[in-house]
There are 4 protein chains.
Amino acid sequence: MQAPQDTKPRWERRKDARPQELLAAALEQFVERGYAATRLEDVAKRAGVSKGTLYLYFANKEELFKAVVRANIVATIGEAEQDVANYDGDSAELLGTLLMRWWTEIWATPLGGITKLILAEGHNFPELAQFYNEEVVARGSLLVTQVLKRGIERGEFRQVDPVVMTRVLIAPVLMLMMWTHSYMPTCDMPEITPQDFMETFISTSLRGLKASAA
Amino acid sequence: MQAPQDTKPRWERRKDARPQELLAAALEQFVERGYAATRLEDVAKRAGVSKGTLYLYFANKEELFKAVVRANIVATIGEAEQDVANYDGDSAELLGTLLMRWWTEIWATPLGGITKLILAEGHNFPELAQFYNEEVVARGSLLVTQVLKRGIERGEFRQVDPVVMTRVLIAPVLMLMMWTHSYMPTCDMPEITPQDFMETFISTSLRGLKASAA
Amino acid sequence: MQAPQDTKPRWERRKDARPQELLAAALEQFVERGYAATRLEDVAKRAGVSKGTLYLYFANKEELFKAVVRANIVATIGEAEQDVANYDGDSAELLGTLLMRWWTEIWATPLGGITKLILAEGHNFPELAQFYNEEVVARGSLLVTQVLKRGIERGEFRQVDPVVMTRVLIAPVLMLMMWTHSYMPTCDMPEITPQDFMETFISTSLRGLKASAA
Amino acid sequence: MQAPQDTKPRWERRKDARPQELLAAALEQFVERGYAATRLEDVAKRAGVSKGTLYLYFANKEELFKAVVRANIVATIGEAEQDVANYDGDSAELLGTLLMRWWTEIWATPLGGITKLILAEGHNFPELAQFYNEEVVARGSLLVTQVLKRGIERGEFRQVDPVVMTRVLIAPVLMLMMWTHSYMPTCDMPEITPQDFMETFISTSLRGLKASAA
DNA sequence: GATGAATGAGATTTCATTCAT
DNA sequence: AATGAATGAAATCTCATTCAT
């Protein structure tokens, strides 16, 4: 007796997979070239389909772009929110871990490419930029802010405005992401690894944040 | 003897001013819309000339863009280099001043818009990106690196890799500039001023940099 | 012994019905949208089949269109021809009845839609237009012409050119049909019914046709 | 001394004429092919310009079409309105003259081609169809209706519903126009001239309209 | 026979670039 | 030097048609 797990004919299974393939190809092309400079024909070619096929799945270029953005808003933030809620130790350590995970698990992934796109060409798509900011940036920021408040309340951090400080802490991570995706491998940050950058950034920031000894 | 300062007839002086006017208009348009989305017709309209006139001064869109970039690489860096060389006081204060001046005198000006452009669409113009990085980012970085080395040597700063730390210190300023130019006034950084950001950033970084008390 | 009327299995009978269903759907869509604006996908959807199925029955869009036209050339004209041949009364009454039946039995039916199509987009299909004119318009016209000749011979109608007069009598009916199918319900003929139109048209024409009393 | 009538350089005079040339070419092409089947490239070619030039003068295909329609709504109706108001003789004669002039001065001109277009493809452009109906059909109809009322009041015509009768009188003229523009020269109305048609139509209708002798 | 995913030619539209004046 | 009408290559998008399943 044959295993009936998948009774669909091959091309139908293919159809189910198509949107993902197209989104993947589009993501790569958009990240590589930017929104405006990306030609749909290239996306199609990269996905191994014809121009017309794209339009079976996405109404137009803008919708394709939006779909790419939506598809890459990962659940990672949700997990991080849990971690922070449950954590019970040193705030500095929590903050350091949080920022480092943010880098490795979010910005160093394709989501980083998306974020770069939004920052670079976002103002041509105001609604999308807003949507993205709310879903990704704002939620992530809130997390950092909460840890900062916690540390301040517990006397671990000195008195700073947690909202402003949140921005200050986020900025270097985003900028690292921009550099990483700027395709200027040689001219950008020769001989510096993201790891180096993040470690130096985190250690310095935590030092600067900590309540003055005593 | 009459003052020979300007013997040219008026329309010829106008002619000399033309390129500047065109570059100014192009800068605004590029910053507002991005490279790809900028139509030369809009640049021309903004400058109050016809489309054809643009081509009298610049061979094509790309050359216009390059000219805009070149024209906005100001001499400010040179001045700063002098200041640093002549300074003779506390390294932390020097670094703080340097960073703040960097913001107010460079990134908060139209040059900021150019930098954003380069970061956003630079990889479509690799040679330009490289040129820009060398002329602006590298020279500026070098300055910061020098101050860091000076501070470390003088025992004011703790032992850090000055090249990496330079990046860490530059990143927030650039990111602030990106945000400032991202045309997402509402969703971006509600109720935070660049001033707040810079102050918090600088004070925290300097604290994190300083050699552990004693 | 079982009735052998239909020994085919059901799906095969279905198969036989398919072309009719497709033609019906195509007729509606063509009439509603016009030839050029009709998308085969919509025809298929309307018929509840897939786009590909259309091509099992019709070689291409043009053939489908032609098939629709051919399928709607009804036998009604044949009946009318019989009626006219057998009639033995007043020519004016015969003509009036003929015209009114023409309207109700032909132009007010989907065939009207076809005629509108031919008139509207027929010159993109010259052969089809010719075919249609010969099969429908010419035969119908001939009928009218015969009645006119009969009336003139019998002294009931005044001396007119029967061929020209035929056109004059056909025109209003066709125009009514155009209006009826023109999908401009409000702007076209407010508060006038086809019935009103036909009655007024017939009575006036017959009056105008009749041999001047005496 | 040279005549200074036209100081513009040649190409500028050309520019002024361009829209008219384009509209003329578009009219021909639309009338020949129908709206949907007309390719802008063909219009351009017919006008002796490139595709892009069309877009200097008309935003898109639909706007071009609308412009063609607007440009062909002649003032003729206005003149006819004057004539009717001033006329002081036999209503039947007035009506006959009106209808004949309608044919020769309006429907037999390019405006006829436009009307055919509207009737054929008008429901794809509802607003345009409405606009056209109001400006051309409704005004023309009103004129006929007024003459009918006048004749009925003066006892020249028998008692008919003037609104319905208006339609009955307009229909043949419009249908003649449809036939004329249907580009089926051979199959349509062999050996009948529009002149024949109109004369037979008018004489029959007037006979049918006149108050029964006495 | 039926499906519907895939195709690609062709249409509209945009815009950097040219060139006669 | 300046103009702006004209161009045409290239991009987006549509849809009749094909074909593997």
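Because the structure is a prediction, the values reported are computed rather than measured.
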Checking N1-N3 plus N6-O4 or O6-N4 for Watson-Crick, or N1-O2 and O6-N3 for wobble, each under 3.5 Å, the partner of E/dA20 is F/dT3

Find the distance A/D42:CG to F/dA10:P and express it as a whole number of Å. 13 Å

Whole-Å distance between F/dC15 C1' and C/E62 CD? 16 Å

Whole-Å distance separating the NZ atom of B/K61 from the C1' atom of E/dC15: 9 Å

Please compare C/R39 and B/G52 by the position of their nearest nucleotide in DNA chain F and report the one closer to 5'. B/G52

By the 4.0 Å heavy-atom rule, please label B/L40 as base, sugar-phosphate, or nothing. sugar-phosphate

Would you mind telling me which of E/dT14, E/dG4, F/dT12 lies closest to the side-chain atoms of D/Y55? E/dT14

So, does A/K61 use its side chain to make a donor-acceptor pair with the main chain of A/T38 at under 3.5 Å? yes

Hey, which of these two, B/L54 or D/L56, hits DNA chain F nearer its 5' end, going by closest nucleotide? B/L54

For salt bridge (Lys or Arg N to Asp or Glu O under 4.0 Å), just list the numbers for B/K66 and B/E62, CA-CA rounded to whole Å, side-chain angles, deciding distance to a tenth of an Å, and then say yes or no. CA-CA 6 Å; B/K66 291 182 182 177; B/E62 188 168 345; 3.7 Å; yes

With a cut-off of less than 4.0 Å, is there a side-chain N or O of A/S50 near OP1 or OP2 of E/dG8? no

Between D/T38 and B/A59, name the one whose nearest nucleotide on DNA chain E is closer to the 5' end. D/T38

Distance check needed: E/dC15 P versus B/Y35 OH, whole Å only. 14 Å

Determine whether the aromatic ring centres of C/F125 and C/Y35 lie less than 6.0 Å apart. yes

Distance below 4.0 Å between C/Y57 side-chain N/O and E/dA2 OP1 or OP2: yes

Once you round it to whole Å, what is the distance between P of F/dA9 and CD of A/E41? 16 Å

Without decimals, in angstroms, what is the distance between B/K45 NZ and F/dT3 P? 14 Å

Are A/R46 and A/E21 within salt-bridge range, i.e. N to O under 4.0 Å? no

Nearest-angstrom distance from the residue atom CG of B/N60 to P of F/dA9: 18 Å

When you check the gap from the basic side-chain N to the acidic O, do C/K116 and C/E121 get nearer than 4.0 Å? no

Pair partner, F/dT12 [Watson-Crick or wobble, under 3.5 Å]: E/dA11

Any side-chain N or O of A/T53 under 4.0 Å from OP1/OP2 of E/dA5? no

Looking across every strand, which nucleic acid part, if any, lies under 4.0 Å from B/K51 by heavy atom: base, sugar-phosphate, or nothing? base

To the nearest Å, give me how far apart CZ (C/F58) and P (F/dT18) are. 16 Å

